[in-house]
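Everything on this sheet refers to the single structure shown next.
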Amino acid sequence: MPNSYISGLGHYVPPKCVTNKDLEKLMDTSDEWIVERTGINTRHWVDIENESTSGMGTKASLIAIENAGLKVSDIDFIIFCTLSPDYFFPGGGVLVQEQLGAGTIGALDIRNQCSGFVYGISVADQFIKTGMYKNILVIGSEIQSTGMDITTRGRNVSVIFGDGAGAAVVSATDELGKGILSTHLHSEGKFAEELMAKDRCCTTPKEMPFAAESFYPVMNGNNVFKHAVTRFPEVINEALTKNGYQSNDINLLIPHQANLRISQFIQRSMKLRDDQVYNNIMNYGNTTAASIPIALSEAWQKGLVNNGDIICLAAFGSGFTWASALIRW
Ligand code: UT7
């Protein structure tokens with residue numbers, strides 16, 4: 001049975017950088033409040049005339065494919081993770097397939113919000129281990145900025161989220177002990193309404209199609225926070241236990257970038273050193289399904305992810321859903 005490993009990574013964020021001071025001009029908020037409660041300094045927002053969720057996913061994918069030393073024609077399957085698709089249907093995976101010119105390979109969309117990318121890695125892992133495919137593109141891409149209430153009414157959500165995309169190529173290897181060791185997936189739908197967008201349709205509605213309160217995302221931030229700081233350590237420990245490791249064996253934990261305070265809470269409760277946890281929410285905000293692949297790609301670019309390292313990906317968010325993946329690089 002082949003193992004699966006991440007052979008290439010790439011990320012793309014739109015050029016427009018929005019500071020907390022910029023947000024002060026749009027709503028009653030302050031740089032101090034945002035930094036203190038979330039750790040975020042800046043986020044990137046698209047110019048929607050020039051970008052799309054699938055288009056950003058394609059840009060990140062081309063970088064990941066090149067870094068894997070592969071060509072588009074080597075990719076067997078696409079897994080596209082987002083909560084902000086270009087259209088209500090079809091999903092973004094088929095749009096990436098067309099934009100890449102990737103033959104008629106299969107494309108699957110995953111709608112699991114913040115944990116979407118880890119779910120995507122898990123699906124890719126299964127397809128590789130059964131021998132069905134050799135190289136699978138897993139993409140997380142989000143355009144949040146066009147679907148948020150950027151007035152004072154929506155400030156508890158809109159200061160947090162940002163736009164961007166990240167991609168990974170998951171490939172087959174016969175090398176023993178290398179690659180994705182295990183993945184762990186959970187959900188608890190009784191909390192669906194704690195963080196949701198009830199009537200959101202796509203990233204580019206021509207006009208507001210529904211009442212604002214059902215179109216824009218709503219979040220019970222306090223309750224999401226409380227569940228996040230419990231579920232993150234739980235699902236990370238689940239992965240460690242499954243593979244006979246302890247928290248000090250982790251070389252790098254890449255938590256979903258929900259809120260810097262959440263990442264710091266996990267770090268403290270798991271007694272991890274600063275160099276064992278990678279955060280970049282300060283620069284990009286929370287990019288939902290894109291946050292882990294952007295962070296992983298950036299950490300890899302900086303030389304923080306090396307052969308033999310134990311890398312842990314972990315996510316929690318809307319659903320609620322939560323998940324982890326343990327990888328020997
Ligand atoms: O992606 C995964 C899912 N998401 C998360 O994991 C997010 C989890 N939750 C959080 O990160 C935090 O709950 C928030 C950052 C969303 C909010 O922080 P908080 O410390 O829980 O604040 P709060 O909601 O309890 O609000 C405190 C105060 C309120 O004012 P009053 O009632 O005390 O007068 C809010 O109206 O802060 C006010 N507030 C703001 N003030 C300035 C809420 N948003 C803002 C804002 N600027 N942007």
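Worth saying up front: this structure is predicted, and the values here are computed from it rather than measured. Both counts, for ligands and for their atoms, begin at 1 and track the order of listing.
Contact annotation for atom 30 (O) of ligand 1: protein absent (non-hydrogen atoms, distance under 4.0 Å). Atom 9 (N) of ligand 1 is flagged as protein-proximal [any protein heavy atom, distance under 4.0 Å]. Less than 4.0 angstrom separates atom 20 (O) of ligand 1 from at least one non-hydrogen atom of the protein. Atom 34 (O) of ligand 1 lies below 4.0 Å from none of the non-hydrogen atoms of the protein.
Between the side chains of Glu175 and Asn3, no donor-acceptor pair is found at a separation under 3.5 Å. Donor-acceptor pairing under 3.5 Å is lacking for the side chains of Thr183 and Asp125. A donor atom on one side chain and an acceptor atom on the other are not found under 3.5 Å apart for Asn280 and Asn283.
Of all atoms in ligand 1, listed by their number and element, those nearer than 4.0 Å to a heavy atom of Val159 are 48 (N). Listed by number with element, the atoms of ligand 1 under 4.0 angstrom from any heavy atom of Cys114 are 1 (O), 2 (C). Counting atoms of ligand 1 from 1 in the listed order, those under 4.0 Å from a heavy atom of Phe316 are 2 (C). Heavy-atom contacts of Asn286 reach the following atoms of ligand 1: 1 (O), 2 (C) (cutoff under 4.0 Å).
Comparing Asn259, Ile262, Ile40 by heavy-atom distance to atom 6 (O) of ligand 1, the nearest is Ile262. The option from Lys226, Arg261, Arg155 that lies nearest to atom 38 (C) of ligand 1, judged by heavy atoms, is Arg155. Checking Thr287, Asn220, Thr29 against atom 47 (N) of ligand 1, the nearest heavy atom belongs to Thr29. Summarising the contacts of atom 18 (O) of ligand 1 with Phe225, Trp33, Phe232, the nearest heavy atom is found in Trp33. Considering each of Leu195, Thr38, Asn222, Leu23, the one bringing a non-hydrogen atom nearest atom 24 (O) of ligand 1 is Asn222.
In Asp174, the CG atom is not crowded: 12 or fewer heavy atoms of neighbouring residues, nucleotides or ligands sit closer than 6.0 Å. Enclosure of atom CZ in Phe265 is not indicated, since only 12 or fewer non-hydrogen atoms of other residues, nucleotides or ligands lie within 6.0 angstrom.
Here the closest heavy-atom approach between residue Ile40 and residue Gly285 is recorded as CD1-CA, 3.9 Å.
The aromatic rings of Tyr133 and Phe127 sit perpendicular to each other, their planes meeting at more than 60°, with 30° as the lower class boundary.
A salt bridge does not link Glu66 to Lys71: none of the charged side-chain nitrogens sits closer than 4.0 Å to a carboxylate oxygen.
Remark: ligand 1 and Ser318 share no N or O pair separated by less than 3.5 Å (distance only, no angle test). Considering both main-chain and side-chain atoms, Gly221 comes within under 3.5 Å of ligand 1 through a nitrogen or oxygen pair.
The closest approach between any non-hydrogen atom of Met219 and ligand 1 is below 4.0 Å. Ligand 1 lies out of reach of Ala228, whose nearest heavy atom is not under 4.0 Å from it. Using a 4.0 angstrom heavy-atom cutoff, Ile160 counts as in contact with ligand 1.
The residue Met27 has no part lying near ligand 1, judged by heavy-atom distances below 4.0 Å.
Within the structure, every pair that satisfies the ring-ring contact (aromatic ring centres under 6.0 Å, His included) test and touches residues 142-186, not counting sequence neighbours, is listed here: His186-Trp322. Residue pairs meeting the ring-ring contact (aromatic ring centres under 6.0 Å, His included) criterion with at least one member in residues 15-68, sequence neighbours excluded, are His44-Tyr284.
Under the 4.5 Å side-chain heavy-atom criterion for ILVMFWY residues, a single connected hydrophobic cluster contains both Phe117 and Leu185.
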